[in-house]
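Reckoned from all heavy atoms, side chains included, excluding hydrogens, waters and symmetry mates. Counting starts at 1 for both ligands and their atoms, following the listed order.
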Amino acid sequence: MSRTEAGCGQMQIVACCPACDAGLPVDAAEAPAVIRCGRCGRDVALDVTDAVRSDAAVDRCPVCAGTDFYVRKDFDPSVGLAVVVAGAAISAVFYWFGRDLVAYGILAAAALIDLVVYQRLKDVTVCYRCHTEFRGAYRRAAPPFDLHTADVLEQEYERRIGRR
Ligand SMILES: [Zn+2]
Ligand SMILES: [Zn+2]
């Protein structure tokens, strides 16, 4: 799945299908009242608030109407892994030729690049209940992920939509 880069004050929503958990990308500004899940065909009602539509804040989830969110790094783990693997491969070559210091230096550099990439990542806001994601220029107000909160709210949501 490709991700559209957020910009120009436009919020991107990846609505999470309540039936099959498929991620359904939607432009917040032009979000329709109902979208159809491309995987399972279920209609998913979207109730997008003005704040979400104008990329001001994430105040209420358009899918489950929940108001509990957390913020996490918008990180694609495969990118970081690729840097480390490439670094390890290059350093192995130097190690083979007896240049240990160079080898260790490259490994350290790869780890450093990883760290820098990680810190430059943008935050994404995620709905605790239904896992809908919000990307945009809005102000991040949600706290970091809390496992206990997630347990409680996910169970509440799944009972409500009849998946438990
Ligand atoms: Zn679905
Ligand atoms: Zn939600």
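- Distances under 2.8 Å from the Zn ion (ligand 1) pick out the protein N/O/S atoms C17 SG, C20 SG, C37 SG, C40 SG.
- Y138 and Y70 are assigned to two separate hydrophobic clusters, defined by single-linkage of ILVMFWY side chains at heavy-atom distances under 4.5 Å.
- Between R36 and D43 a salt bridge is recorded (basic side-chain N to carboxylate O distance below 4.0 Å).
- A salt bridge links R60 to D47: one of the charged nitrogens lies within less than 4.0 Å of a carboxylate oxygen.
- The pair E154-R129 fails the salt-bridge criterion, with no side-chain N (NZ, NE, NH1 or NH2) lying under 4.0 Å from an Asp/Glu carboxylate O.
- With contacts defined as side-chain heavy-atom distances shorter than 4.5 Å, the pair V63/Y157 qualifies.
- Aromatic ring centres of F69 and Y128 lie farther apart than the 6.0 Å criterion allows.
- If you count the protein N, O or S atoms nearer to the Zn ion (ligand 2) than 2.8 Å, you get 4.
- In terms of modelled atom types and a separation under 3.5 Å, the side chain of D100 and the main chain of Y95 share no donor-acceptor contact.
- Annotation: side chain of Q10 is in contact with side chain of E30 (closest heavy-atom distance under 4.5 Å).
- Counting only heavy atoms from C-beta outward, the side chains of R72 and E133 approach each other to under 4.5 Å.
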